[in-house]
Each structure stands twice: as structure tokens, then as C-alpha cells.
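All remarks here apply to the structure that follows.
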Amino acid sequence: MSSTLTITLPDGSQKSVPQGTTPHDIARSIGQRLADDAVVAKVNGALWDLARPLEQDSQLEILTSKSEEALEVYRHSTAHLLAAAVLELYPETKLGIGPPIKDGFYYDFDRPTPFTTEDLEKIEKRMVEIRDRDLAYERRLVPKEEGLAKYKELGEPMKCELIEERADAIFSEYTLGPHFIDFCRGPHVPSTKRLKAFKLMSIAGAYWKGDEKRQQLQRIYGTAWFSQKDLDEHLRKLEEAKKRDHRVLGKQLGLFTVDDKVGPGLVLWKPKGAVIRQELQTFISAHLRRQGYSQVFTPHIGKLDLYRTSGHFPYYADSQFPPLVDREQIARLADEGCSCATLSNRLENGEIDGFLLKPMNCPHHIKIYDSEPHSYRDLPIRLSEFGTVYRFEQSGELGGMTRVRGFTQDDAHIFCTEDQVPTEVAGCLELVKIIFGTLGMKDYRVRVGLRDPDSAKYVGEPEQWDRAEKACKDAAQSLGVPFSLEPGEAAFYGPKIDFVVQDVIGREWQLGTVQVDYQLPQRFDLHYTGADNKMHRPVMIHRAPFGSMERFVGVLIEHFAGAFPVWLAPVQAIVLPISDRHLEYARMVEEKLKAVGLRAELDARSEKVNYKIREAQLQKIPYMLVVGDREAAEGKVAVRTRKGGDQGARAVDEVVAGIAELAATRSAAE
RNA sequence: GCCGGCGUAGCUCAGCAGGUAGAGCAUCUGAUUUGUAAUCAGAGGGUCGCAGGUUCGAUUCCUGUCGCCGGCUCCA
């Protein structure tokens, strides 16, 4: 090894520096400004501490606060600061892990007593104190055995577990001041004084290693930014997001409600929410007719045996409402002294029959297909239904309209030949594209869910899976949008293509889905007569472009922040007479709106027009039509839009026709 | 399901070292007849989520329960 190193900078220039030179030295040689702004370095593509000496000829990049990667390092360093503060205040605490995440970081702690909100304030204060001590993040190398012994002595069992699992023979650790050490790959910012703006946000339970069988730790979430300004901006955004939360807007706009007495996770659609849902259903129904779907209706329950055949029961018994067993059987079992456990066993074994609230629509549709023989000439057969299904989601998961226990899928099942699969899947994807396009939803990602090779929960032969997965991948490819392949995300009967969007707090929700299924046709022994006059097995495609109406509308409320385009708005126009003497004219305007099928209201209260406007505005009604003496005299209305304000007076008929046009064309404009 | 927080009028929220509750908005009544984001006055409205316990006395403290919120786990 030579005693000088050749360092290549991003602009291609090269520097010869002696052994032992650090990225920070080089930054300083380029300029003090860069040295001050530097957060971390990148050496041959890998993140590297600024103070860590370069070891060989390298490509070197100095990352400043303009870099996303630097921000991650910065947040990770803030997590260490949090851990150091917690250990100072509560020395009995054991450390878990503390990674950076979107907008911030967390650190997991094991401590017998739970952290409180007041603790959070104390901890944050201590973090500031430690920050002001200007402690360096110092990297040290430790041989594995020695390190293990040390962390054992420190009483850090989780760290020991991590070292055993992931540490190299010599691993790195970082210290902060004389007492704090953390097994960590790094890198970090040079010193705590660099951490300008952070805030602890919340405490939550989290299982060690995400395994619900392991102990539950206390996770402290925080957010961290390069400047106070960025932090303030982030907090402001959180406030904004709260305002467009569909649970808040759903209440304010009177769209839906959930009632304790009815049950958690059971959405009650109020008239205004129902309008939105109905409009969406009408919208998609037109496309279904065009694409050759047939409408069917099926009941909400089916016999347990149906779901034994489909494989839903008892596989997913935990996420279903308990089976419905008839009175006579219950009485008989009670006489026998049958325990709950025995009952559920006997239900599983099929010794007792009962009904299940349907967790999916497919078995019912399959039975419709199977109710008559089919020729290859009939295929594809596309059966659609807005079918309501019931799933017993864990109580901690429920919320708003996005995770519920009863929901209506815009479901359909396509029965086709294997050759027809690509065309049919493409047709399904086209539908999803039309929906997302019409609604202006651009921020979605496409996930191709493949089976997890380690899991035994899937039914079917590997060759079938391979073919189905290929069909999905090909279809996603031809869709022309970026997609990710995600093992472990398949349904138990087949791979799927999902459309995933984020809600206002950044949680991801699956909306539309297309799933290829070779299993159910087999389980139900479905067939059709081929051109060769032999029996063949059809392939099934499950698809729901909206996914569930509840979840979709929930996400849609947030997407539009409650300000629905004209065609979806529960009230499309409201007539606001200025005084009582304009009421008659106002009624005439209202009638004209209603005559062309618009949803119109009249605010006939003896309130000032300002007041009426304010209310209509808060209800996010797209059109406010103000009528007073001038308008009544000239056959006009003064148009005010919720977004553009006062638009001036125009002839009534012209305005009515204009709004009707926007509604009819499902336009995003207003 | 697990961890933590919360639950006061229709809504948003205040209050209580334990002495049976208060504001704004909404509602109702009356007045006002109004020109682009809140007219004025008066009135009604709460067994302080529910059930136990401690106490002379509980909305306040304790326990349980239901529900909501944030995470975790799960999501056919």
C-alpha cells in the first residue's frame, strides 16, 4: 500500500493525499464553507463518516444538507441522541434498534415502566442538553467476542442478539460522550451540535423484531430536520393533513358515520356519502356494460361447506365473523355440554354445519357459473356484483372507512380460458386506469404480489403459480407504469396486481386489485367444453377496480380534501337569495337546476348572504348562485365558485347548462 | 389481539387539591330583509362513555368494560 492516496471527486478532479486523510480534511481543502456544510461522506458509493480516515484510492463525494441520504444519516444520529438521553434519565432501559424513517426516526426501548407524555418532554429537553455538549460520534472497531462480552456486561441483551446475528468478526460501534455506546454500522454526523431541529412525537408499542411472539418494546417516534424552518414546515403539514383526514371531513360534510351500537368497523353511509358512492357505481357500471360484464346478485351468507371447498374456512377463521349455527343444533350441543373449543373444532371438521357471513364473493359467483354447462364459445364469462363482504379485522386495526369489518367490493369474476388471461387482465387494468385517470389520482403505485416461497399458506401447484405470476408480471409490464414485484404479497389462491395509495398520514392502502386464480376452479371442479369436445378447466380472474367502496371513498375524500368535482359533489349547486323578496325567483332557479338532474339546494333562511356563503363554502359546494334584485330583473344568477370566488352574473339557463355539462362529462374542471 | 393515550351538550373544547358542570358554534323562538366567508337578543340542551369500588360525597381517585386515536402485529 502506497503512502499516498488518489482521491477522485465528483467533478472528475483528483487529489493526492497522505494516508490518514479524512473526508473532512478534503472538504476543508476545497473550502471552509463545504467543510461546515458537510454532513457525511460517500466513499466509493458507500456512506462514510467525515472523520473516518480514507483507506484506499477512492471516489469521494461530500454530502451536505441538500442530500436525502445525508438527512437519513442525520436522523439516525438523532435517534442515537434520543437513546443517549433515555439512558441518562432511565439507566435501567435496554436498547433495541433506532433507524431513520420517513420524516424522522424511532428508537425501541425495553423498560418495565411505560414512558409517559411527560417523560417525552423530559427526554426531549435532555436531548437538547446533550446536543449542546457538542459530543462527537466516535467510531470504534471491536472484535466480535470482546464486543459481545462488553454488551453483555452493559446489560444489553437485544444488542447482544443483534451482534450475534449480524456483526462481522470485527464490528463497528459508536460512542457519544464517555458513557453511551451503540452497536451500529453508522455512519453519523460528526457531532451532536449538528442536530439543529428535532421533536419527539409519540410513544407506541412495538414487538421486538416485529414478531408478536417476542416481548413488546416501547417505541419513541421523533422527527428531525436540518433546520427549524423545515421542522416547522413539517409540523404545519401535519396540521394540514389532519384537516383533510376523511374521518374529520366525513363528519363535517355529513358523509358517513360509525356508531358504537351498530358496531365498530361498520360504516353507515349518510345521504351525502351515499350520493358519492352511487355516482361512482353508476360511472363504473357503464364501463362494465361496455366491457361485456353481466350483473348478478347474491346473498350475504353461504354455508360453511361452501367455504370449506373454497378454502376460506377454516384457513381464515380468525378473520371471519363466527359461523352462524341454527338454534336446534345449538340447543342440542348445549345439552351435550359442548364447550366453545369443541364447537369450533367440530365446525372445522365439518361435523356441524352452519353459515358464514361471506368473506368474499367468489364462491357465490362460482356457483352461478357452475349452474349450467359452458362451451368455450361462451367464454369469457364476466360476472359482476357490488358485493358486501364481512371480515373480522383485529380491533386495533379498525378506523374510519379505510379499515372496516363490512365493506362492498365492486367485485367481478371472469371465467376464461388460459389463452384469454392476458387480454382479460389487460381489460381489468384498463378499467383501473380509467378510474384513476377520471379522478385525477396520480400518486399510486402498482404492486405485483407474488407468493412467498417460505410460506405454507398458499394452495395450489408451483407450476400453476409460475404461470399465473408470469401472466401478472406481463400485464403489469404492458400497463406502462412502474411496478414492484413483492414476494409474500400474493393472495392465498393466486398472485395479484394491486393499486396502492397513501392516506394523509402516509399509511398505504390497497385499492384496486386484479388477481389471477388457478386454484378455485380446481377446488370447485369447474369446467367448460373445448373445441376438441373435451372438458377443460377455466381460469378465474378476481378483480375490483375500486377495491372496496368504503376504502375508496375514504381515500377519495382525502384526495379531494372534501371538495369533490361537480359530478360527485353531494350538493352541486346552492341558490342563495339575498332577501326574502328573492325567494320566488330563487325557487325558480332551483327548479331549473333540478330539472336537468342536478343536485341543488336553496338556502331560504333569513340570514345575510355572507353567512349563507360561508356555510356553503365550508360544505365545499362547487357552485353558489346568489340571486338579488339585479339578477331577478335580468333573468340571471351571480355565480360564485368555491375555488374562484365571485364570477359575476350570467344568464340562468347558461349557468345551469354549464354545470350540467361538467357533471355529465365527469369533468374535473369547475 | 398487543402497548400507550383519550372519552364532558349535536360539534370543537374548557373545568374539577373530590362538594352533582361552562364557553363558542349549531338548534329553537323573536327581531332583522340583508350583495360574496359568521346580524342581534332570548331560550332549550349534559345521570361528564358504561359498570363496580374507595369516600359523608365521585364527572374528578381506583378497578373493570366499551369505544375512539397513534403505533405494533395482521390484512384471503
Side-chain angles (χ1 to χ4, degrees), chain A residues 106 108 114-117 119-120 201-221 242 245 247-248 251-252 254 258-261 263-265 307 310-313 315-320 358-360 362-363 389 391-400 402-405 449 457-459 489-494 496 498 505 507-510 513 515 517 519-520 542 551 576-583 605-619 624-631 638-642 644-649:
Chain A
Y106 68 77
D108 284 345
F115 290 116
T116 63
T117 323
D119 292 338
L120 228 50
M201 303 298 283
S202 62
I203 315 160
Y207 300 105
W208 173 230
K209 291 186 174 167
D211 182 346
E212 68 181 321
K213 289 178 197 73
R214 306 292 300 263
Q215 76 264 36
Q216 193 159 38
L217 309 174
Q218 298 181 64
R219 174 170 300 177
I220 297 181
Y221 282 96
K242 252 195 237 163
D245 188 314
R247 290 163 299 192
V248 174
K251 187 175 266 182
Q252 279 169 7
V258 180
D259 188 273
D260 288 5
K261 277 246 160 53
Y307 301 102
S310 69
H312 294 112
F313 188 85
Y315 259 105
Y316 288 94
D318 285 349
S319 49
Q320 291 156 1
K358 64 180 178 188
M360 295 192 97
C362 24
V389 297
R391 299 181 186 178
F392 197 80
E393 304 289 0
Q394 295 188 57
S395 59
E397 292 303 336
L398 300 173
T402 42
R403 192 76 187 268
V404 294
R405 282 183 173 161
K457 75 171 181 175
Y458 307 102
V459 293
E489 291 296 324
F492 79 101
Y493 49 71
K496 55 180 186 171
D498 291 330
I505 21 189
R507 291 183 291 207
E508 284 202 326
W509 300 104
Q510 178 202 308
T513 181
Q515 317 183 352
D517 180 1
Q519 321 302 335
L520 286 179
H542 311 241
R551 178 175 291 178
L576 309 178
I578 284 176
S579 86
D580 288 354
R581 69 174 177 279
H582 310 115
L583 265 179
R605 297 174 301 174
S606 65
E607 296 287 351
K608 288 187 158 182
V609 74
N610 275 337
Y611 182 82
K612 296 180 184 179
I613 286 172
R614 178 181 156 79
E615 282 214 336
Q617 189 76 41
L618 291 175
Q619 283 299 304
M624 287 159 262
L625 307 179
V626 179
V627 295
D629 290 333
R630 295 198 295 273
E631 290 75 19
V639 178
R640 182 192 170 93
T641 65
R642 65 187 164 195
D646 191 351
Q647 305 290 302

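Quick note on labels: first sequence line is chain A, next is B, and so on, each numbered from 1. These numbers come from a predicted model, not from an experiment.
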Is it the case that B/C2 (base atoms only) and A/Gln216 (side chain only) share a donor and an acceptor within less than 3.5 Å, ignoring hydrogens and angles?
yes

Picking from B/A76, B/G70, B/G35, the nucleotide nearest the side-chain atoms of A/Ala204 would be B/G70

_Would you say A/Tyr221 places a side-chain N or O within less than 4.0 Å of OP1 or OP2 belonging to B/G5?_
no

Taken to the nearest 0.5 Å, the spacing of A/Leu625 CG from A/Glu631 CD works out to 10.0 Å

Checklist entry - Contact class for A/Arg630 vs. all strands (heavy atom < 4.0 Å): base, sugar-phosphate, or nothing? => result base

note: A/Gln252, atom CD; B/G10, atom P; distance rounded to Å ~ 18 Å

Practice task
Could you tell me how the ring of A/Tyr493 sits relative to the ring of A/His542: parallel (under 30°), tilted (30 to 60°) or perpendicular (over 60°)?
Solution key: parallel

Using Watson-Crick geometry (N1-N3 plus N6-O4 or O6-N4) or G-U wobble (N1-O2, O6-N3), each under 3.5 Å, B/G57 is paired with none

Check: Think A/Arg219 has a side-chain N or O under 4.0 angstrom from the OP1 or OP2 of B/G70?
Finding: no

*Check the geometry between A/Tyr316 and B/A76 and answer yes if their rings are stacked (centres below 5.5 Å, planes below 30°), otherwise no.*
yes

To the nearest angstrom, the CG-P distance between A/Leu120 and B/G71 comes to 15 Å

Between CD of A/Glu607 and P of B/U36 the distance, given in whole Å, is 16 Å

Tightest non-hydrogen contact, residues A/Asp211 and A/Tyr207, listed as O-CB, 3.1 Å

Pairing partner of B/U12, by Watson-Crick or G-U wobble and under 3.5 Å for both distances, is B/A23

Of B/U27, B/U36, B/G35, the nucleotide closest to the side chain of A/Asp646 is B/U36

Pairing partner of B/U34, by Watson-Crick or G-U wobble and under 3.5 Å for both distances, is none

Pair of N/O donor and acceptor under 3.5 Å linking B/U33 base with A/Asp580 side chain
yes

note: A/Arg405, atom CZ; B/A76, atom C1'; distance rounded to Å ~ 16 Å

* To do: With side-chain contact (heavy atoms from CB on, under 4.5 Å) as the test, would you mind laying out the steps for A/Gln320 and A/Phe392 before giving the verdict?
  => CA-CA 5 Å; A/Gln320 291 156 1; A/Phe392 197 80; 5.5 Å; no

Next on the checklist: If you compare every side-chain N and O of A/Tyr207 against the phosphate oxygens of B/G1 (OP1, OP2), does one of them come in below 4.0 Å?
Outcome noted: no

Between the base of B/C74 and the side chain of A/Arg403, is one N or O donor paired with an acceptor at under 3.5 angstrom?
yes

Whole-Å distance, A/Lys242 NZ to B/U12 P, equals 13 Å

Partner of B/G42 under the Watson-Crick or G-U wobble criteria, both distances under 3.5 Å, comes out as B/C28

Pairing partner of B/C50, by Watson-Crick or G-U wobble and under 3.5 Å for both distances, is B/G64

At 4.0 Å (heavy atoms only), tell me whether A/Val609 reaches a base, stays on the sugar-phosphate, or touches nothing.
sugar-phosphate

Does A/Lys612 reach the main-chain N or O of A/Ile578 with its side chain, forming a donor-acceptor pair under 3.5 Å?
no

d(A/Thr402 OG1, A/Arg247 CZ) to nearest 0.5 Å is 6.5 Å

Does a side-chain N or O of A/Arg507 approach OP1 or OP2 of B/G70 to a distance below 4.0 Å, or not?
yes

ask   = For A/Lys608 and B/A37, is the shortest distance between a side-chain N/O and OP1 or OP2 below 4.0 Å?
value = no

Rounded to whole Å, CZ of A/Arg605 lies from C1' of B/G30 at a distance of 17 Å

Comparing nearest nucleotides in RNA chain B, the 5'-proximal residue of the pair A/His582, A/Glu212 is A/His582

query: Quick one: is A/Ser202 getting a side-chain N or O under 4.0 Å of the B/G71 phosphate, OP1 or OP2?
result: no

(Q) I want to check one thing: is the phosphate of B/C69, taken as OP1 and OP2, less than 4.0 Å away from some side-chain N or O of A/Arg247? (A) yes

When rounded to the nearest 0.5 Å, the distance separating NZ of A/Lys608 from CG of A/Asn610 is 7.0 Å

Worksheet entry | Gap in Å between the two P atoms, one belonging to B/U27 and one to B/C2, rounded | 43 Å

Just checking A/Gly210: base, sugar-phosphate only, or nothing, at a heavy-atom cut-off of under 4.0 Å? sugar-phosphate

In Watson-Crick or G-U wobble terms, with both distances under 3.5 Å, the base opposite B/G18 is none

Result for 5'-nearest mapping on RNA chain B, choosing between A/Lys251 and A/Arg640, is A/Lys251

Across every strand shown, the nucleotide meeting Watson-Crick or G-U wobble geometry with B/C2 (both distances under 3.5 Å) is B/G71

